Amino acid sequence: MRWLLAAFCLAAALQAPAVGSERGRHRVQHGPCSYTFILPEVEHCQPPGDFQVSNSLQRDAPPPGAVPPAQQSSQDEKLEALESVTENNTQWLQKLENYIQENVRSEMEEMQRNAVHTQTATMLQIRTNLLSQSAEQTRKLTDVETQVLNQTTRLEVQLQEYSLSTIKLEKQIVQQTQEISRLNDQNSLLEQRLTAMEDRHTRELQALQAEKQQLQEFLVQQDHLASLLEAQLGGPTQKKRLLDLVKQCNQISVQPKEETQGFRDCAEIYKSGITESGVYSLRLANSTKTVKVFCDMQTRGGGWTVLQRRQNGSVDFHRNWANYKAGFGDPSGEYWVGNDFIHLLTTGQDYTLQVQLTDTEGSEAYSQYNHFYIDSEEKKYSLYVRGFSGTAGRTSSLAHSGTPFSTKDRDNDRCSCNCAQMASGGWWFDACGPSNLNGVYYSGKSNVLRFNGIKWYYWKGLTLKVIRTTMMVRPGNF
Ligand SMILES: [Ca+2]
């Protein structure tokens with residue numbers, strides 16, 4: 001509209017000199033109708049911002065009075081000129097309007113296109129930004145997800161480890177509880193045996209006191225007899241009778257040593273005053289049966305009951321279960337005292353086990369176990385030892401506690417093989433373990449390593465060549 005108004009003002013200014021004195025207002029008569037044109041005053045054409053131009057014609061009422069003819073002719077000429085100017089102006093204005101509309105339209109279209117382009121670019125930019133942000137967010141989410149997965153996996157692994165260690169601990173607790181229960185049972189059993197043993201000792205002491213009384217009476221009688229003999233001493237006949245009597249007395253005093261009855265072990269014999277090493281008879285606990293054993297009355301204080309001895313290879317030790325159960329060999333030489341005897345003896349009270357070894361070079365060594373016993377035959381004569389010490393190796397060569405006894409006809413070892421058959425002899429084989437004192441006795445000087453020989457591994461390894469072994473026991477409180 002401002003374009004239109006400016007064009008109108010320009011056109012009015014161009015036509016203004018031809019209009020004359022009737023400046024600004026012109027009237028046109030056309031038939032019964034008259035038209036008044038109001039033209040802008042070009043000299044002062046500075047319309048306000050809200051100025052509205054109307055290009056319409058105003059229809060006036062007919063003039064109230066008559067007009068003179070000369071004046072009428074001048075006016076008609078003016079009107080015609082004015083109409084011509086107006087028509088030109090109108091055409092020019094229409095052209096101008098068309099031009100303006102065309103320019104404006106193209107500009108508007110250009111502006112619209114620019115605006116569309118700008119908006120599209122902006123939208124694309126926003127879309128790109130959004131896509132970048134979305135990709136960034138996705139990447140962060142993926143990172144977080146990966147971290148969460150890693151944490152979850154680690155926690156699951158830890159959980160499994162905790163679970164495994166818990167199961168292991170539970171198993172250990174169960175085993176320890178069973179062990180404690182077993183020890184409690186064993187303790188109560190030992191207490192019962194101790195009580196029984198004390199009773200037996202009391203009875204034996206009373207019997208010994210009675211025996212002592214009898215011996216004292218016997219001594220008194222001998223003294224009396226000796227005094228009588230002294231009185232009768234004179235001729236050779238009496239001397240000969242006296243010598244015979246002395247010999248008879250010596251036989252009486254020696255015979256009980258060989259046939260000692262009622263002693264449970266060599267320690268009791270030693271404490272009774274007999275301190276000479278040799279073969280003695282022992283009575284089995286809760287039985288009238290006797291067993292001959294060798295008593296070592298010299299080694300480390302004496303009182304040792306010998307369970308096993310090897311010294312020259314004269315006895316075959318590759319025996320079956322029944323032989324090892326009952327015992328075999330000669331107590332004055334090589335022998336095994338028997339698993340039943342060892343079980344009854346060592347479960348009657350607390351015993352110390354000593355293993356004595358001598359090799360072909362003359363070296364001597366021993367291993368000692370402060371506590372030793374073996375189970376019954378039903379429990380396969382299983383071995384129990386504690387409190388290891390000694391000079392035959394810093395580590396015990398005996399199998400661990402609980403290991404059962406095996407012979408060639410009773411495979412109780414933990415090897416898929418038969419250790420007793422392979423290593424020879426009866427022993428507490430594990431799989432097959434570092435010891436076997438009942439193996440084959442090799443007396444030769446060959447350096448060949450023999451798997452089935454006598455073995456006490458932690459003293460001199462597999463190269464050990466033994467010429468003497470002794471296993472012997474003595475009460476722990478001796
Ligand atoms: Ca086996």
Side-chain angles (χ1 to χ4, degrees), residues 168 171-172 174-176 178-179 182-183 186 307-310 313 315-329 334-347 353 355 357 367 369 371-386 388 392-393 395-442 448-466 469-471 473:
K168 196 175 169 187
K171 278 183 183 173
Q172 287 179 349
V174 169
Q175 285 176 351
Q176 285 180 354
Q178 288 173 348
E179 182 69 12
R182 194 185 65 76
L183 287 173
Q186 190 182 334
L307 308 179
Q308 185 262 23
R309 188 163 56 178
R310 313 287 297 276
V315 173
D316 177 18
F317 272 67
H318 195 40
R319 306 285 188 114
N320 62 18
W321 185 266
N323 290 151
Y324 273 96
K325 170 184 164 72
F328 56 85
E334 294 194 324
Y335 76 107
W336 180 260
V337 75
N339 286 341
D340 275 342
F341 173 81
I342 299 174
H343 163 65
L344 289 171
L345 182 72
T346 57
T347 50
L353 169 69
V355 175
L357 303 167
S367 290
Y369 301 85
H371 306 280
F372 161 75
Y373 74 93
I374 67 169
D375 265 333
S376 62
E377 184 178 17
E378 289 75 30
K379 295 180 179 175
K380 303 170 184 171
Y381 300 122
S382 293
L383 172 75
Y384 292 91
V385 282
R386 276 194 297 123
F388 170 76
T395 305
S396 168
S397 292
L398 268 182
H400 59 82
S401 289
T403 303
F405 198 83
S406 291
T407 55
K408 57 186 177 184
D409 56 336
R410 291 283 182 90
D411 180 4
N412 297 320
D413 59 55
R414 291 201 305 155
C415 176
S416 56
C417 63
N418 183 339
C419 291
Q421 190 66 50
M422 286 174 58
S424 179
W427 193 249
W428 297 278
F429 291 111
D430 186 25
C432 293
S435 65
N436 176 18
L437 296 186
N438 292 337
V440 176
Y441 189 96
Y442 289 107
V448 176
L449 297 180
R450 298 176 192 277
F451 184 72
N452 60 354
I454 294 172
K455 186 164 66 172
W456 197 255
Y457 181 78
Y458 291 110
W459 183 32
K460 291 194 173 181
L462 293 171
T463 61
L464 172 66
K465 280 187 297 219
V466 173
T469 74
T470 309
M471 293 174 66
V473 292

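Model, not experiment: these values are computed from the prediction. Throughout, numbering of the chain's residues begins at 1 and tracks the sequence. Counting starts at 1 for both ligands and their atoms, in listed order.
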| query | More than 12 foreign heavy atoms under 6.0 Å from CZ of Phe388: is that the case here? | reply | yes
| query | Got a sec: does the NZ of Lys380 have more than 12 other heavy atoms crowding it under 6.0 Å? | reply | no
Return the set of residues passing salt bridge (charged side-chain N to carboxylate O under 4.0 Å, His left out) with [X] (not counting sequence neighbours), or none when no residue passes.
X: Arg414; result: Asp430
X: Asp375; result: none
X: Glu378; result: none

| task | List nothing but the number: protein N/O/S atoms under 3.0 Å from the Ca ion (ligand 1). | result | 5
| query | Looking at side-chain heavy atoms only, is the closest gap between Asn412 and Trp321 below 4.5 Å? | reply | yes
